[in-house]
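Down below is the structure, laid out as structure tokens.
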Amino acid sequence: MQRGFRYAYSLTHNRMDAEELVQEACYAISRLGGPWNVPYLFRSIRNRYIDAGRRRNLLQVEPFSEAIHSEMPDDDLVLMDFDDRMDEALGQLSDGERELLFLSVVEGYTARELSELTDSPRGTVLSRLHRIKGRLRHILESSEPGKREAASNG
Amino acid sequence: MAENFDRLDQGIGRFYGSKNMSADMLTHLVEQVENSSPEEKTLELHGKRTSGGLVLAAVAATVCLLVGFQLLQIMVSNQWHKDISRQVAKNHLKALEMEHRTGDYSDLAQALGKLDFALTEPQFESDAYRLLGGRYCSIDQQIAAQIDLENTSGEKCTLYQFKLQEGVLARYPQHKVLEIDGLIVELWQENGVGMGLARPRN
């Protein structure tokens with residue numbers, strides 16, 4: 001269940017939306033009488049998410065060039081610890097990018113499995129993953145306390 | 001490049017590893033699963049067909065289902081215990097400054113008057129820990145007391161106390177010890193209050 005929640009969280013980046021998604025997915029599975037396993041739960045969560053996205057027109061993937069220039073608000077982020085900065089940084093990725101990262105890094109999906117899931121060539125998945133990680137690292141580095149202070153002073 | 005991505009991967013893993021569904025929601029989902037067993041639907045579909053084989057199959061399936069749910073509940077409980085322990089360990093490592101310094105539990109209980117439970121002195125072995133002070137914090141998304149202690153070796157330990165709501169009282173361990181991030185975390189309950197103690201591994 002918690003793995004399902006984390007997957008849903010990677011899609012929504014919002015606790016309440018993620019819990020709602022898992023609840024809907026569990027309800028759908030229970031209506032069918034199972035099966036109760038992680039891949040099926042993930043698939044059900046993804047289907048519910050896509051349905052919700054179609055309803056709310058939320059399925060948007062930000063172009064790389066635009067997103068990399070997005071700025072974090074100038075507040076007291078200097079004091080944020082790594083988890084807070086990671087939260088902010090992941091929030092700047094698109095839902096699809098977070099999903100790809102989560103399934104690859106946390107769940108250990110192979111590039112082939114991800115290519116089947118996203119219906120993209122394996123090479124595209126690999127280069128996309130590389131690009132997303134590079135972008136995430138860039139966002140994290142630019143939010144490091146020392147660099148943010150220097151940026152705000154300079 | 002690869003090394004940096006390794007660190008990044010670890011950070012991503014740690015971030016998502018700390019995200020957990022609330023205990024209430026978990027309980028709700030488990031109840032939802034229990035209340036919609038496939039066997040019930042199967043029997044409804046077959047209506048009056050009550051041959052011996054069908055009854056036996058239904059009984060066997062029900063037994064399997066019950067065992068499955070028991071296992072699921074145990075797994076959910078174990079995961080919840082780990083989640084609580086991680087929060088206890090994480091808060092201990094943050095080593096936030098105490099807001100109220102005192103060596104007396106009654107004084108501390110008075111200072112932390114907004115708690116929704118009666119802060120008490122735990123039943124430690126005598127003189128095992130010396131009280132240093134405390135502050136408010138939160139465990140499992142509810143108000144809790146964070147209590148600074150010092151053991152006989154002079155090491156800092158942190159005790160957390162929080163009210164066990166009715167829905168989770170039975171699932172909170174009577175006594176459980178886990179090792180998290182190189183710390184020993186003990187969970188137990190006293191008079192409806194959940195206790196969590198983080199201490200260095202000896």
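Keep in mind that the numbers below use all heavy atoms, side chains included, and drop hydrogens, waters and symmetry copies. Throughout, a chain's letter reflects where its sequence line sits, starting with A, and its residues are numbered from 1.
- To the nearest 0.5 Å, atoms CZ (A/Arg98) and CD1 (B/Ile12) are separated by 12.0 Å.
- For B/Gln110, the CD atom is loosely surrounded, since the number of other residues' heavy atoms within 6.0 Å does not exceed 12.
- Atoms CE and CG, from A/Met1 and B/Asn20 in turn, are 13.5 Å apart once rounded to the nearest 0.5 Å.
- Interface check for chain A: of the options B/Lys19, B/Met21, B/Arg14, the most heavy-atom pairs under 4.5 Å are formed by B/Met21.
- Within the model, atoms OH of B/Tyr16 and CG of A/Leu101 stand 7.0 Å from one another, a figure rounded to the nearest 0.5 Å.
- Contact between A/Arg6 and B/Asp83 at its shortest, heavy atoms only, is NH2-OD1, 4.2 Å.
- Taking a 6.0 Å sphere around CG of B/Asn191, one finds it holds 12 or fewer heavy atoms contributed by other residues, nucleotides or ligands.
- Near-neighbour residues of residues 104-112 of chain A relative to chain B, defined by a heavy atom under 4.5 Å from a heavy atom of that chain, comprise A/Val105, A/Val106.
- Taking CG of B/Asp9 as the start and NZ of A/Lys133 as the end, the distance is 3.5 Å to the nearest 0.5 Å.
- Only the side chain of A/Arg15 comes within less than 4.5 Å of a heavy atom of chain B; its backbone N, CA, C and O stay farther away.
- Interface summary for chain B: among A/Leu140, A/Leu136, A/Ile29, the most heavy-atom pairs under 4.5 angstrom belong to A/Leu136.
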